[in-house]
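Take a look at the structure below.
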Amino acid sequence: MFQEIEERLASTIQRELASRFQLDLKVSLEQPKQSSFGDLAIPVAFQLARELKRSPRQIAGEISNVLVDIPGVSSFEIAGNGYINVRLKRGGYARSLLFAGPSKTAASSGKTIVEHTNINPNKAAHIGHLRNAVLGDTFARMLRQRGRTVEVQNYIDNTGVQVADVVVGFHFLEQKSVAEVRELISNPALRFDYLCWDLYARVSNHYKEHPGSLDWRAQTLHEIEAGTGELAEIGHLVADAIVALHLKTMYRLGIEYDVLPRESEILHLKFWAAAFELLKQREAIYFETQGKNAGCWVMPSTAFRNATGEDGDDSKVIVRSNGTVTYVGKDIAYQLWKFGLLGKDFYYRPWSAYPDSHEIWVTADVPFVDKPPQFGRASHVFNVIDSRQSYLQDVVVAGLRALGFDEQADASIHFSYEMVALSPRTCVDLGIELSEEDRRRAYVEVSGRKGLGVKADDLIDKLIETALGEVIDRHPDADPEERKKVARQIAVGALRYFMLKFTRNSVIAFDFHEALSFEGETGPYVQYTAVRAANILRKYQERWNAPPAFDQVLSEELLNRCLENEGLWQLLLLASKADSAIERAISSGEPAHVAKYAFQLAQAFNNFYHEHPVIAEENAERRIFLLWLTTYVRDQLLRTLNVLGIEQPPYM
RNA sequence: GCGCCCGUAGCUCAGUUGGAUAGAGCGUCUGGCUACGAACCAGAAGGUCGGGUGUUCGAAUCACUCCGGGCGCACCA
């Protein structure tokens, strides 16, 4: 709502300036430094001061003289050294909120793909993967809330080195047959992904101690790519089983996917061959005949970055001298497919359905159903991948550009984020031995190879356990099953908020003590606020009666009177800015802005809660106003929480 | 060596694209529960925004430089 007022005001002022001063410039509004200055600020005098070579304050005076009878505005004031501060007509603004339907959304322009999670299917998910998935899922929710069409993809590298290494572990180290691996997977007493976590670390260690055993990896990779033999079969079993477990872990946090594109289909359907032809035709890559890359197809460095390799040759190998394609090559093919530029498509089969019957599809190399959904062919693509891979993402985009797809290259966004590391204190808690060097660091990097890290499910379990303890304390008589459900909701709220409160490019030094906190700037704080608001609404009905039709009872005059109170007005104004916050977070690519907004709104409401008892209010008109304000703030808070993927528990 | 990111209160972090007196949470100290549930609220102390130079009406924000930390720079993914 706020956004619409803001836009209308900006264009009105722009028109006035154009007709009065023959000035053609874009008027932008900003938030005053302090709320006491007003509701909106126009800094346009500063822009003009430069051109007109006159003092901003004088210009501001002339402009504000002209701005009279602007709808919705009660006053303009000149402040500071040239700001024009705007005060809105409070009652009128509140009235418009009463009648506001669903807020207008930007017209959807094509489909947006958000690719996230992308965990190697060879071991359990860890907290770094959680940051990826929560960021991607929240961004997708933000886009959907604002009316965009979104497709969520989770890329599965089921034929890569990491899967091969676990296969090596089962086959060569443990001498296990296909049947035995199958049994491990179906054994309900085991956590297969945890077992693979340890096995993967053991295999990595074995390679280090017996470098000759790397032949096992080569043999396994070869068989997996060919798709036949016992090793390939184990590979498929492992990857599918782990993917299922990853999806289960993510679903605990409310994270769902639309489609799982797999590397095996990219191979079998010869996606790379199609991309290779394109790249050769357009001369985006060339065959190197000399130097260290002799015999390879390479992309010249001039295409992507002014980087210089350690030894001077900085071109990027796309096809190895043995004829196999690198990861980047495959990724270029995949990125082309996402935009519908490859001239090839996958087949699909249903993988499973979520409880709400939303289906998740997986790629297939043969036709499976008559009319599968249409995937890919997007106009915008966001790849949620950690910032350590930015170099490779640059190469992929350069590939598109070299093929002449500038528009799609521009629409390919590397939605990067910094890693989640461990605080030294948490390492000690986990019994991880630290070197002298590590002890002095602010954080310690996790390592899948070393099996060093915090597993996602362990963290979620621990959060639930902690939350349940608190819930039991506060509600000793409540239904145990419901208490568990509440504890789960609180745990998810705490975890998702924790992953979102940091901006993307700050490294999170994961600390158990902080992550398990439910006080202060946390998800549970916001949830608690929503619960309080809901309690007021419930108890109001018990004490009085069903709330009246607000738009009938709350006249503009009454609203004006009630909103003379600065605190109440500021709360209403802030609550009306939910969509602005989401839109700002989309344009800046920073979900943390929505998290911050949710916290601020919760804070403002908690302050209101202490200062203004609703149910005990004796004046009936005023009581209804306070009830409406509570209802409105609560609705906005729930909308915001929904975007963050956080639920409101029935009680806390 | 080259590229990217970071440096803001004791700690963890924001800072709306260059604007008004730099903000939150945690921690410390003070006060507030017979309840719309204190997972809360109010208040206090705490900063030369890593250092320097520059750009201009105006810089935490932009440029240059130095210092300190992180991550990349494979015929791995």
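Chain identifiers are assigned alphabetically (A, B, ...) following the order of the sequence lines, protein sequences preceding nucleic acid strands; residue numbering begins at 1 within each chain. Computed over heavy atoms, backbone and side chain alike; hydrogens, waters and symmetry mates excluded.
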Distance check, [atom1] atoms only: [N] and [M], in whole angstrom units.
| N | M | atom1 | value |
| --- | --- | --- | --- |
| C62(B) | U17(B) | C1' | 11 Å |
| U65(B) | C29(B) | P | 47 Å |
| A22(B) | C49(B) | P | 10 Å |
| G52(B) | C40(B) | P | 40 Å |
| U21(B) | G47(B) | C1' | 14 Å |
| A39(B) | C26(B) | C1' | 15 Å |
| G70(B) | A63(B) | C1' | 24 Å |
| A60(B) | G50(B) | P | 10 Å |

message: Using the rule side-chain hydrogen bond (donor to acceptor under 3.5 Å, both in side chains), only one of Q389(A), H414(A), Q335(A), Q153(A) pairs with N383(A); which is it?
response: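 Checked Q389(A), H414(A), Q335(A), Q153(A) against N383(A); only one passes side-chain hydrogen bond (donor to acceptor under 3.5 Å, both in side chains): Q335(A).
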Does a side-chain N or O of [X] approach OP1 or OP2 of [N] to a distance below 4.0 Å, or not?
| X | N | value |
| --- | --- | --- |
| N606(A) | C40(B) | no |
| R532(A) | A38(B) | yes |
| H593(A) | G15(B) | yes |
| R474(A) | A39(B) | yes |
| Y327(A) | C75(B) | no |
| Y525(A) | C41(B) | yes |

Can you tell me how far [atom2] of [N] sits from [atom1] of [X], to the nearest Å?
| X | N | atom1 | atom2 | answer |
| --- | --- | --- | --- | --- |
| R388(A) | C5(B) | CZ | C1' | 13 Å |
| N535(A) | A35(B) | CG | P | 15 Å |
| E225(A) | A77(B) | CD | P | 9 Å |
| Y528(A) | A35(B) | OH | P | 13 Å |
| R441(A) | G68(B) | CZ | P | 16 Å |
| E519(A) | U12(B) | CD | C1' | 16 Å |
| L392(A) | C4(B) | CG | P | 16 Å |
| Q335(A) | A77(B) | CD | C1' | 16 Å |

Side chains of [X] and [Y]: do they bring a donor and an acceptor to under 3.5 Å?
| X | Y | result |
| --- | --- | --- |
| Q600(A) | K577(A) | no |
| S423(A) | T426(A) | yes |
| H593(A) | S588(A) | yes |
| Y286(A) | E288(A) | yes |
| S387(A) | E418(A) | yes |

Base paired to [N] (Watson-Crick or G-U; both N/O distances under 3.5 angstrom):
| N | answer |
| --- | --- |
| C62(B) | G54(B) |
| A22(B) | none |
| G1(B) | C73(B) |
| G7(B) | C67(B) |
| C36(B) | none |
| A44(B) | U28(B) |

Sugar-phosphate only, base, or nothing, as touched by [X] at under 4.0 Å among non-hydrogen atoms:
| X | value |
| --- | --- |
| V395(A) | nothing |
| E611(A) | nothing |
| A294(A) | base |
| H414(A) | nothing |

Among the candidates [options], find the nucleotide nearest to the side-chain atoms of [X].
| X | options | result |
| --- | --- | --- |
| Q389(A) | A77(B), C73(B), G32(B) | A77(B) |
| S321(A) | C75(B), A24(B), C5(B) | C75(B) |
| V161(A) | A77(B), A38(B), A39(B) | A77(B) |
| Y609(A) | A39(B), C75(B), C36(B) | C36(B) |
| P613(A) | C75(B), C36(B), G25(B) | C36(B) |
| Y391(A) | C40(B), C73(B), C36(B) | C73(B) |

* Any ion pair linking E514(A) and K501(A) (charged N to carboxylate O, less than 4.0 Å)? ->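 Salt bridge between K501(A) and E514(A), a charged N being under 4.0 Å from a carboxylate O: no.
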inquiry  = As a quick check of understanding, evaluate salt bridge (charged side-chain N to carboxylate O under 4.0 Å, His left out) for E590(A) and R584(A), giving each step before the final call.
reply    = CA-CA 8 Å; E590(A) 206 58 88; R584(A) 189 160 54 85; over 6 Å; no
* Asked: Q603(A) and Y525(A): side-chain hydrogen bond (donor to acceptor under 3.5 Å, both in side chains), yes or no, with the steps?
  -> CA-CA 9 Å; Q603(A) 242 180 352; Y525(A) 174 93; 5.0 Å; no
| Got a donor-acceptor contact below 3.5 angstrom from the Y528(A) side chain to the A602(A) backbone? |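 Absent.
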With side chains defined as the heavy atoms from C-beta onward, is the minimum distance between N505(A) and S416(A) less than 4.5 Å?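 Heavy-atom side-chain distance check fails, nothing below 4.5 Å.
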Identify the pairs formed between an N or O of the protein and an N or O of nucleotides 20-23 of chain B at a distance under 3.5 Å, and give each distance.
residue	atom	partner	partner atom	Å
A20(B)	OP2	K33(A)	NZ	3.3
A20(B)	N6	N85(A)	OD1	3.1
A20(B)	N1	N85(A)	OD1	3.4
A20(B)	N1	N85(A)	ND2	3.2
U21(B)	N3	Q34(A)	NE2	3.3

Notebook entry, point to check: If you find the nucleotide of RNA chain B closest to F608(A) and the one closest to D157(A), which residue's nucleotide is nearer the 5' end?
Noted result: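 Looking at RNA chain B, the more 5' nearest nucleotide goes with F608(A).
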RNA chain B: 5'-proximal contact among Y443(A) and F518(A) (nearest heavy atom):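 Nearer the 5' end of the strand: F518(A).
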Do the ring planes of W297(A) and F276(A) sit parallel (below 30°), tilted (30 to 60°) or perpendicular (above 60°)?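 Because their plane-to-plane angle is over 60°, the rings of W297(A) and F276(A) count as perpendicular.
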Does U55(B) sit syn or anti, given that only angles within 90° of 0 count as syn?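 Here U55(B) takes the anti form, which means its glycosidic angle is more than 90° from 0.
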Worksheet item: Out of T630(A), N619(A), L568(A), V614(A), which one pairs with F625(A) under the side chain to side chain contact (heavy atoms under 4.5 Å, CB included) rule?
Response: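 It is L568(A), the one option of T630(A), N619(A), L568(A), V614(A) that forms the side chain to side chain contact (heavy atoms under 4.5 Å, CB included) with F625(A).
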*Nucleic acid contacts - residues 502-510 of chain A versus RNA chain B, non-hydrogen atoms under 4.0 Å*: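 Heavy-atom cutoff 4.0 Å gives F502(A), T503(A), N505(A), S506(A), V507(A).
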